[in-house]
Structure formats: C-alpha cells, structure tokens
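What follows is one structure encoded as structure tokens, with my remarks underneath.
The figures here come from the full heavy-atom set of this structure, side chains too, leaving out hydrogens, waters and symmetry mates. These figures come from a predicted structure and were not determined experimentally.
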Amino acid sequence: MGQPTHGTSSQDSLTVKDNRTGKVYTIPIVDNAVSATAFKDIKAPRKPNERVENETEKGLRVQDKGFLNTAVMQSTITYIDGEAGVLHYRGYPIEQLAEKSSHLESAYLLIYGSLPTQPQYELFEREVLNHGVTHSDTAQFFRSFRYDAHPMSMLTSAFAMLGSYYSEANPSLQGQRLYTKGDAASLATMDRQIYRIIGKATTLAAMAYRIRQGREFVTPPTGLSYTASFLYQMDHIGEENYVPNPVLVKALDTLFLIHADHELNASCTTVLQTGSSLVDPYSAIAAGCASLYGPLHGGANEAVIRMLISIGKPENVPAFIEAVKRREKTLSGFGHRVYKTSDPRSFIVRKTADEVFKVTGQDQLLETAMALHDAAMKDEYFIKRRLAPNVDFWSGLIYRAMGFPLDFFPVLFAVPRVVGWLAHWRQMMLQEGGVKIWRPRQVYVGETKRDFVPVEDRVAVEGPKQTPSKVQHGGISKRTQLASYKSKL
C-alpha cells in the first residue's frame, strides 16, 4: 500500500507523483476511500534549512482541519447524502421511520441492525423501561447543584456519576476486553449498560428539570411509553390517573426518533474518541453530552428561538435579512454542515409542529418564523449559499410551544441522541481487529529547539494572546487581596 510502482496500476487506485523525488505511488481505492496511512510511505529527504519538525523523511501527513473529509471508520449504521438531502437509518429512509415506527423501535434498529419482531421489541422495551429507576442517592446528587445550574451541566455530570455505581461495567476494573470479546457474557454485559443508559436518560433529564422547578422527583411510572413516561416524570405533581397529552407524546417521540442518530457528528465522534481508550460507556456518554452542550451543536434550536425573539415582529424580518448579509447578525436554523440542499428532518418536524400547535395554540413567534422562512427562500443571497431551513428551525418552536424552557432544549437533544452514541460505541467495540485508540497527528509549526533562559536574563514577551489576562476581583477576593496575612505572596 502506497509503495513506489513502475508498472500499470489498478483502475481502482490513486496514482500519486511526488514532485520532490519524482517517485510515483499507487494507493488502492476501497469503497471510494483511500487509507491515510498510505501517504506515510511517501517520503523525501529534508531540504537544506528545512525545519526538523516537518518530519519530511518520516512520510507525508494528511492535514484536515475540522475533519472536513476524513473517514475514521467503516460503519453500517447511518447514511447521509448531503447533496440529495437523504438520511437513512440502517438503509431505511427517515421519512418512513418517522411515519411508521417509534423512537424505541428505531433505537433497536440503530443498535442491533434490523427492525425487531414483536417479541424482540417487547423484550427491548421492557428492559429499557425497567432500567429507568435510579439509585436513591441520585436525588441527593441532583440536590447538590445550585438552583440555577444549567440542566446540561447536571445531565453531563449525572451520566458520569452513573459509572461509579456499576463496577461490573468498568473495563478498568474488569479487564480491557470486557466489551470487545464478542462472546455471550460480553454481549450481555454490553446490553445491560445499553438498557440502563437509555432507560435512565429520561429519568436523569426529568430530575434536572424538576430540580430547577423546586419539585420533588418522580419515580418512573409503569404502563406508559418511553416518551409518555418522560413527560410524566417532568410534569406529574400528584394528580390521580395522570396521563400526558397523546399529541405531545407522539410529537416528542417523533422528535426523539429523528434526533436519535446523525452519523459521526461532533458529539458522536467525542463518544468514540473517548470510548477508544476502553473507558466505561457512562464516561463516554458524559463526554458526548459535554460536546453536545456547545452552542455550535446542541444549542442550535435554542439559538433559533433567541434569534426570533430578537427579530420580534414579521415586519422586522427584511431589516434582519439585510443585517445578516452585512454580517452584522447571525442567521440560525438555516444551512447545515452536511446537508447542502434540504434537511430531510425539517419536513417531518414542520408537519409535527402543525399537530402540536393544534393543541397548544399557535406560538406567537410562528408568524415571524414563517416570514423569515419565506424571505430567505426567495432571496438570491441565501439560495446561492444553499441556506435552507434545517431541523433546528422548527424543533425549537415545537419545544417552546410545549412549554420547555430554552436552556432545556439541549437536554431534549441529548436524551434521544444517546441511542446513536451507543449504536456507534457498540459497533466500535465489536469491530473486526479490535479497538485502536484514536490518536490524531498534528502539524507542528511552533518554535524549533531552543535553550532554556534563566529568569534574570529573559526579555518580556507582551501583547494580545501572549500574556495572561488580569482578573478584576470583587467581594471576598478583593478584600482578601487587600488584607495582610502570613505567607502572602
């Protein structure tokens, strides 16, 4: 692979000529992909005065800032065609699943590779729902947070906390091949953690919600579906025979289904990067939550609502559009890193929104959203840049209509996404050849080797980004700095 060749190359290969040496290399193309390690065989002598850190004689490196065109693994789970606006779970179009399936049934599909039979589904659903109850110490854990703690901070911490309860799930304690053996015992251990994480995701999210409301926690009920149980745990305050509204239950189930997986996005990649060290799955899921917490990922639908609130009335849309063109304002909910035409999930969510608004009443921001949608879709500026509405544009309006606070939106993203994270984590644990720890390279452009300088001989380096910032202290900190005490610096 990647070795110098002199004969005729295969048609399914890439021929590369290194103009530095004149050598020609043939690199195989498999599934329309080439191996990045093949480029390591392309070596050249270091030029006079060239930096040693370039490692030219050790082989060529492939640089891809932001993973714009890097495939880190082979997968059989989710397929996305961004140009055509296509999303498939295990080969099934997302539109068909949203119409005919449920979140838990699609979870089974994503994790195990096929749609379940009725007995298979009943077993899976029963195990997930039975594992929704948490240890009584969990209540004390949530009560240790400040009253105004962000729910995603609580959820992230809670998943990490769960790992401390299950020593049998920790490869650091049970051996690093705990999840990679592929035998019956290993698979059973893996499945139990999958049941626990999916089952407890709604419970932990509901606890994060209720602690903010100042309410006691609710034990997961029996006899309700996954999303109905979630709504029950968030909203029940003692009413007899309480049952959540079926339209809201169905809407939430649909939103969970279409958010369950989206290939190797930022949070999924984080889970796999963390999981590649063979850490326990709870720690890996917590890492995924932390990644999803970021405003460029899980906070996008929240950003849409804040944008619409800032616009205000429909008549303010034209001025906002012009401000976006001048780069004075940020347009949220349009365009996508992957989808270059339309996000197939956005059409599903738009239909779901209509059903929700029938029972909740039309959100006051809907007219502004529609005006912005129509204006952007007709404007050449946005058409040229392929900035079509994505799933976040409509889902935020649904969550707002259902009464969820803005900072809870990322939680409603994370709860269903644990399914996709687990599907990819399981696939990696069971992949042929075992798990290799993910260790990307870098292109070092810093200082070359230099000698240490004693402090009295150093020249101060100053300027933005080159020195620590001074912190403005107040309150106790300020008074302490003004006080005198032993060993004060």
Determine whether Leu257 and Ile94 make a side-chain contact, defined as any pair of heavy atoms from C-beta on separated by less than 4.5 Å.
yes
Regarding Lys358 and Asp354, does a basic nitrogen lie under 4.0 Å from an acidic carboxylate oxygen?
no
Would you please indicate if the ring centroids of His135 and Phe141 are separated by under 6.0 Å?
no
Please report the C-alpha distance between Ser101 and Ser106 in whole Å, then the side-chain angles of each, then the deciding distance to 0.1 Å, and finally whether the side chain to side chain donor-acceptor pair (under 3.5 Å) criterion is met.
CA-CA 7 Å; Ser101 187; Ser106 293; 3.3 Å; yes
Taking the side chain as every heavy atom from C-beta outward, state whether Leu308 and Val304 have any pair of such atoms under 4.5 Å apart.
yes
Could you list the residues that satisfy side-chain contact (heavy atoms from CB on, under 4.5 Å) with Glu239, not counting sequence neighbours?
His236, Ile237, Tyr242
Less than 4.0 Å between a side-chain N and a carboxylate O, is that true for Glu302 and Arg306?
yes
Tell me, please, which residues at least two apart from His424 pass side chain to side chain donor-acceptor pair (under 3.5 Å).
Asp261
Just checking Phe334 against His373, ring centres under 6.0 Å apart?
no
Salt-bridge contact Arg196-Glu168 (side-chain N to carboxylate O under 4.0 Å):
yes
With Asp392, which residues qualify under side chain to side chain donor-acceptor pair (under 3.5 Å), at least two apart?
none
Residue pairs involving residues 88-100 (criterion salt bridge (Lys or Arg N to Asp or Glu O under 4.0 Å); sequence neighbours excluded):
none
Looking only at the aromatic ring of each residue, does the gap between the centers of Tyr282 and Phe159 stay below 6.0 angstrom?
no
Is any side-chain heavy atom of Tyr179 closer than 4.5 Å to a side-chain heavy atom of Leu278?
no
Partners passing salt bridge (charged side-chain N to carboxylate O under 4.0 Å, His left out) against Asp183 (at least two apart in sequence or in another chain)
none
To the nearest 0.5 Å, atom CZ of Arg400 lies from atom CG of Asp363 at 4.5 Å
Give a yes or no on whether a salt bridge exists between Asp407 and Arg212, defined as a side-chain N under 4.0 angstrom from a carboxylate O.
yes
Examine the side chains of Tyr209 and Asp235 and answer whether a donor and an acceptor come within less than 3.5 Å of each other.
no
For Thr270 and Gln273, test the side chains for any donor-to-acceptor distance below 3.5 angstrom and give the result as yes or no.
no
Are side-chain heavy atoms of Phe145 and Ile211 found at a separation under 4.5 Å?
no
Is any side-chain heavy atom of Arg417 closer than 4.5 Å to one of Leu292?
yes
Side-chain ion pair, Glu55 and Lys43, N-O less than 4.0 Å
no
How close do Lys250 and Ala98 get, counting heavy atoms only, and between which atoms?
NZ-O, 4.0 Å
With side chains defined as the heavy atoms from C-beta onward, is the minimum distance between Phe230 and Pro244 less than 4.5 Å?
no
Under a 4.5 Å cut-off applied to non-hydrogen side-chain atoms, are Phe39 and Ile27 in contact?
yes
Residues passing the side chain to side chain donor-acceptor pair (under 3.5 Å) test with Thr222, sequence neighbours excluded, are none
Check whether the side chains of Ser102 and Asp253 place a donor and an acceptor atom closer than 3.5 Å, and report yes or no.
no
Does this structure show an ion pair linking Arg386 with Glu83, if we count only N-O contacts that are shorter than 4.0 Å?
yes
Spacing of OG1 belonging to Thr156 relative to CD1 belonging to Ile285, to within rounding of 0.5 Å:
11.0 Å
